[in-house]
Amino acid sequence: MLLQTCVLAIALLLSSAQEDSEYELKSKSKRQTYDDPDPYKNLIQWLKDGKAEVSKVQIEVKSEGYRTLRASQFIRQGEWVLFIPRSHYLSLEEVKKSCLINRKMIQLNYIPNNIQTYFVNHLLQENRRQNSFWKPYIDVLPKDVSGFPTYFDAEQDALLKGSPTLYTVMNQRKIFREEYDNLREAVQEFQRYGYTYNDFIKFRILTISRSFPVYIGENEQQQLLVPLADFINHDNNGFLQYGYSPDADGFFMQAVRNIQKGEELFYNYGQWSNKYFFMNYGFASLTNPMNQFDFDVCLDRNDRLFKLKIDLTGGNICWGNRLVNETDHDTFRQSLATVRFAQITKLDDFLQLEEDVENYNQFWPGWHTTPKTLELEKATFIAFRELLISELANFASTIEDDQRRLNDPSTPEFRRHIIMLTMREKQIIKKNIEVCDMMLSVIDKSSEELQNLMRYYNYREIARFVNSEIIPMKLEQEGLA
């Protein structure tokens, strides 16, 4: 029995090796050796040999963690800054057919938790091959990805205390581990090649941080890994755009304004929060206009209307909410409405709410809980303020502590990004606490006093809400409506 098992294992190994070798032989004609000691020169030569257009850019390596591109000449608005043909970027279609493990996954009907796993498997395979066609590309991928939160230890995790990002980090680790373990169990070739968990997550992180979503057809969006283009860094005011050219059959980067010779190149990675950038690219920014703070609002199980409320919500007792830089924003009003729903204590108010939403297919507190009474609004702002103060107290440091550490040149780079992430979250919370304080300072005033106050610039952040919601209720209360 043992002998049969050994024979079977050897046969499977030889079969895999043969399939692997057959693919290498098919692509052998593409291969050329690039053995300059400078891997960046090898990359450029490899791309040029593949008919890529890269003459307008030059690589600058500031550190292992910071590589960038600069314009090597003046580039006019509308010109292509670089062009990478289909043969020299990785698409989902390419990695599915060219990677043995991916082909086995398809045969087994194994569906990964993310399509990036196909790219990871391909990179693992090509990294193992000494004469890989993709070697010039793989040789310049970052060797150290320890600045990404997936790699953080307990001490570094502690710096994220209070931030909703910590939950996202822990969930990402769980997903990565499950995918790795499932692959080892389901695909024998994955286990046979001895890919470690560290190998897997390294290339998973590199794939996440380097993929370009591109529309190939009218409605077909694909993820691409594009050599050299992935050197270009993010800026909110980025001046490049990218896409796929069907005529040239390749990926291009295009200037949206004139670019001076020697200018560092940037494009905008997208309208994302610091949490997204931190998780996917390993950085955060104090100037990101899309910063946000995520938090939950939950019902109190001791609420005497608890049963009625969960019947209305279909069994839900907690709702995710977010706050952004602007307080006069839909996210603030939706968060306030969710807190308002939790604060309803009078049966009459609840019955009125039920009547208001009876024609909706699904009830959502943040959308459907409108103001009912002045008493409820005051209770809502008090509860919202207390919730935000509690969230702020959960963080490991104060805003003042953060500022001191940012001003300290000895603070490590990875920690600076943690500080910028959590500091902006705390600033958003603090600003919303101030709005609650402002609201509570005026809510007991008369309609006439409120109308006069709302003309002042100092009250601009609550003026719309007071004018549209509070003053009409005041007028009704005062018998002036």
Side-chain angles (χ1 to χ4, degrees), residues 15-32 34 39 42-43 46-47 50 52 84-143 145 150 175-176 179-184 186-214 216 221-230 244 250-251 280:
S15 174
S16 298
Q18 183 179 358
E19 285 190 51
D20 217 7
S21 298
E22 285 173 359
Y23 177 77
E24 288 199 81
L25 286 170
K26 286 178 185 177
S27 58
K28 203 79 172 179
S29 59
K30 301 181 186 177
R31 300 260 173 78
Q32 182 176 335
Y34 299 91
N42 290 334
L43 175 69
W46 174 70
L47 290 170
I84 309 295
R86 179 190 290 268
S87 60
H88 281 63
Y89 65 69
L90 288 170
S91 65
L92 183 61
E93 179 185 14
E94 165 68 19
V95 299
K96 278 185 173 182
K97 72 181 182 183
S98 64
C99 174
L100 171 64
I101 292 172
N102 288 340
R103 296 198 300 272
K104 293 295 183 182
M105 286 168 56
I106 293 168
Q107 290 173 12
L108 295 167
N109 291 320
Y110 178 91
I111 308 298
N113 62 27
N114 193 295
I115 62 168
Q116 289 164 349
T117 297
Y118 292 114
F119 289 92
V120 174
N121 290 338
H122 179 86
L123 292 174
L124 285 168
Q125 170 184 279
E126 299 306 309
N127 185 56
R128 180 175 54 82
R129 291 172 169 165
Q130 291 186 347
N131 297 315
S132 169
F133 172 73
W134 298 98
K135 189 175 189 301
Y137 171 52
I138 291 174
D139 283 349
V140 299
L141 291 174
K143 305 296 185 291
V145 291
T150 304
I175 291 170
F176 285 1
E179 182 78 294
Y180 176 77
D181 290 341
N182 290 341
L183 268 173
R184 278 178 55 86
V187 185
Q188 293 179 347
E189 289 76 11
F190 186 87
Q191 183 175 1
R192 188 171 298 122
Y193 285 128
Y195 298 138
T196 67
Y197 179 61
N198 280 337
D199 293 333
F200 179 79
I201 59 173
K202 174 188 173 181
F203 282 109
R204 181 71 178 261
I205 288 168
L206 289 173
T207 299
I208 292 171
S209 62
R210 274 161 173 71
S211 63
F212 291 85
V214 177
I216 303 296
Q221 188 184 62
Q222 288 195 25
Q223 298 290 324
L224 306 180
L225 294 185
V226 187
L228 195 64
D230 59 8
Y244 169 78
F251 174 96
N280 291 281

Asker: For Y89 and W134, which heavy atoms make the closest approach, and how far apart are they?
Answerer: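 Heavy atoms only, the tightest pair is O-CH2, 3.6 Å.
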Asker: Using the salt bridge (charged side-chain N to carboxylate O under 4.0 Å, His left out) criterion, which residues pair with K135? Sequence neighbours excluded.
Answerer: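 Salt bridge (charged side-chain N to carboxylate O under 4.0 Å, His left out) check on K135 returns D139.
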Asker: With sequence neighbours excluded, what pairs up with F176 under the ring-ring contact (aromatic ring centres under 6.0 Å, His included) test?
Answerer: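 In terms of ring-ring contact (aromatic ring centres under 6.0 Å, His included), with neighbours along the sequence ignored, F176 is linked to no residue.
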Asker: Checking N42 now: which residues fulfil side chain to side chain donor-acceptor pair (under 3.5 Å) with it, not counting sequence neighbours?
Answerer: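 By the side chain to side chain donor-acceptor pair (under 3.5 Å) rule, N42 matches no residue at all.
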Asker: With Y244, which residues qualify under side chain to side chain donor-acceptor pair (under 3.5 Å), at least two apart?
Answerer: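 Scan of Y244 (side chain to side chain donor-acceptor pair (under 3.5 Å), adjacent residues dropped) gives R86, D249.
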Asker: Which pair of non-hydrogen atoms, one from F251 and one from A229, has the smallest distance, and what is that distance?
Answerer: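 Answer, listing the atom of F251 first, then A229: CE2-CB, 3.7 Å.
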Asker: Would you please test L100 and Q125 for side chain to side chain contact (heavy atoms under 4.5 Å, CB included) and show each step?
Answerer: CA-CA 8 Å; L100 171 64; Q125 170 184 279; 3.8 Å; yes
Asker: Please identify each residue that fulfils ring-ring contact (aromatic ring centres under 6.0 Å, His included) with Y118, with sequence neighbours left out.
Answerer: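 Expected list: none.
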Asker: Just to verify, what does D230 make a salt bridge (charged side-chain N to carboxylate O under 4.0 Å, His left out) with, not counting sequence neighbours?
Answerer: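 With neighbours one apart ignored, the set is R210.
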Asker: If I compare all heavy atoms of T117 with all of N102, which pair ends up nearest, and what's the gap?
Answerer: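 For T117 versus N102, the nearest heavy atoms are O-OD1, 4.4 Å.
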Asker: Apply side-chain contact (heavy atoms from CB on, under 4.5 Å) to Q221 and list each qualifying residue two or more places apart in sequence or on a separate chain.
Answerer: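 Counting only residues at least two positions away or on another chain, Q221 forms a side-chain contact (heavy atoms from CB on, under 4.5 Å) with P213, Y215.
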Asker: Return the minimal non-hydrogen interatomic distance between G50 and S87, and the atom names on each side.
Answerer: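 Answer, listing the atom of G50 first, then S87: O-OG, 4.2 Å.
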Asker: Can you name the side-chain contact (heavy atoms from CB on, under 4.5 Å) partners of I106, sequence neighbours left out?
Answerer: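 With neighbours one apart ignored, the set is K96.
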Asker: Contact between L225 and V95 at the side-chain level, heavy atoms closer than 4.5 Å - yes or no?
Answerer: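 L225 does not reach V95 side chain to side chain.
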Asker: List the steps, then state whether side chain to side chain contact (heavy atoms under 4.5 Å, CB included) holds for D199 with N127.
Answerer: CA-CA 10 Å; D199 293 333; N127 185 56; over 6 Å; no
Asker: How long is the gap from CG on N114 to CZ on R204, to the nearest 0.5 Å?
Answerer: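 So the gap between those two atoms works out to 4.5 Å.
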Asker: Please enumerate all residues that pass ring-ring contact (aromatic ring centres under 6.0 Å, His included) together with Y110, with sequence neighbours excluded.
Answerer: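 Residues passing ring-ring contact (aromatic ring centres under 6.0 Å, His included) with Y110: none at all.
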Asker: Distance from E93 atom CD to L224 atom CG, nearest 0.5 Å?
Answerer: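 One finds 11.0 Å between CD of E93 and CG of L224.
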Asker: So, using side chain to side chain donor-acceptor pair (under 3.5 Å) as the criterion, who are the partners of S91 when residues are at least two apart?
Answerer: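 So S91 forms no side chain to side chain donor-acceptor pair (under 3.5 Å) with any residue.
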Asker: In chain order, what residues pass the side chain to side chain donor-acceptor pair (under 3.5 Å) check against D181, with sequence neighbours excluded?
Answerer: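 Applying side chain to side chain donor-acceptor pair (under 3.5 Å) to D181 gives R177.
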Asker: Tell me whether the rings of Y195 and Y193 are parallel (<30°), tilted (30 to 60°) or perpendicular (>60°).
Answerer: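 Ring orientation of Y195 relative to Y193: tilted.
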Asker: Could you report the tightest heavy-atom contact between T207 and F119, atom names first, then the distance?
Answerer: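 Reported closest heavy-atom pair: CG2-CB, 3.7 Å.
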Asker: Under the side-chain contact (heavy atoms from CB on, under 4.5 Å) test, which residues partner P136, sequence neighbours left out?
Answerer: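 With neighbours one apart ignored, the set is Y34, W46.
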